S.K.: 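Pasting in a structure now, in structure tokens, and then I'll have a few things to ask.
Ligands are counted one by one from 1 in listed order, and the atoms in each one are counted from 1 as well. Nothing fancy with the numbering, it's 1 onward along the sequence. What's counted below: heavy atoms across the whole structure, side chains too, no hydrogens, waters or symmetry copies. Please read all numbers here as calculations on a predicted model, not as lab measurements.
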Amino acid sequence: MTYLWLIMLLFFVGGAFLLLRGRAAWRTTGLPAGEVVYSDTGQWEKQEKPLVSRRYGLVGRPDYLVRVVENGQTIPVPVEVKSRRRPAEPYASHILQLATYCLLVEDVLKVRPAYGLLRYADATLRIPYSDELRARVLATADAIRAARSAKNVGRDHQDPNRCRNCGYRRACGSETLTA
Ligand code: SF4
């Protein structure tokens, strides 16, 4: 249960990156933009069970694992499916979510994928699973753990629309509705 809570928080914090959707802001994130994949090769398997990493204290379930063969080795590549069309740049939250699955595959299945796939309604992006992205996932998970024991966690965005539609607004005390 703790793991589930942690991964939900991971996605929530990852959502904070949505503010960085603009191209200019995007460049400062250092996250990969991804490359369009025109054909999906390999065997797609629906992932029914969550992958649980006790080592990293993470749990998550990619929508699919695609088995691709590279250099004679079968590599499970995680796939996250989004029903919407491909945004101008992939959201940081989507990339962090996918990279978390890559880390889980690496730890649980003992094979490190070179990339994950973000599948939108109109395109599939290949997102390289780099050392830097891996480190970003671990740093985000650490930040979440630190926030869990903090007395107060301040608002991490300036987006009034998010607050307007937020279910925690009444209890929050930190909402921004004027910008
Ligand atoms: S109301 Fe509070 S919890 Fe909700 S989005 Fe705004 S700052 Fe975040």
S.K.: For the residue pair Q47 and P62, what are the closest heavy atoms and their distance?
M.R.: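 Distance-wise, the nearest heavy atoms are CB-O, 3.1 Å.
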
S.K.: For R85, what residues pass the salt bridge (charged side-chain N to carboxylate O under 4.0 Å, His left out) criterion, not counting sequence neighbours?
M.R.: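 D122.
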
S.K.: Which atoms of ligand 1 are found less than 4.0 Å from any heavy atom of C172?
M.R.: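 Those atoms are 1 (S), 2 (Fe), 3 (S), 7 (S).
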
S.K.: Just checking: C166, one of its N/O/S atoms, less than 2.8 Å away from atom 4 (Fe) of ligand 1, yes or no?
M.R.: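 Yes.
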
S.K.: Does C163 put an N, O or S atom under 2.8 Å from atom 2 (Fe) of ligand 1?
M.R.: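 It does not; every qualifying atom lies at 2.8 Å or beyond.
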
S.K.: Cation-pi check for Y64 against K46: NZ or CZ below 6.0 Å from the six-membered ring centre and within 45 degrees of the axis, yes or no?
M.R.: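 Cation-pi check for K46 and Y64: passes.
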
S.K.: Kindly write out the residues that satisfy salt bridge (charged side-chain N to carboxylate O under 4.0 Å, His left out) with D142, not counting sequence neighbours, or none if the list is empty.
M.R.: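 D142 satisfies salt bridge (charged side-chain N to carboxylate O under 4.0 Å, His left out) with R145 once adjacent residues are dropped.
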
S.K.: By number and element, which atoms of ligand 1 are closer than 4.0 Å to a non-hydrogen atom of R169?
M.R.: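 By the 4.0 Å cutoff, the relevant atoms are 1 (S).
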
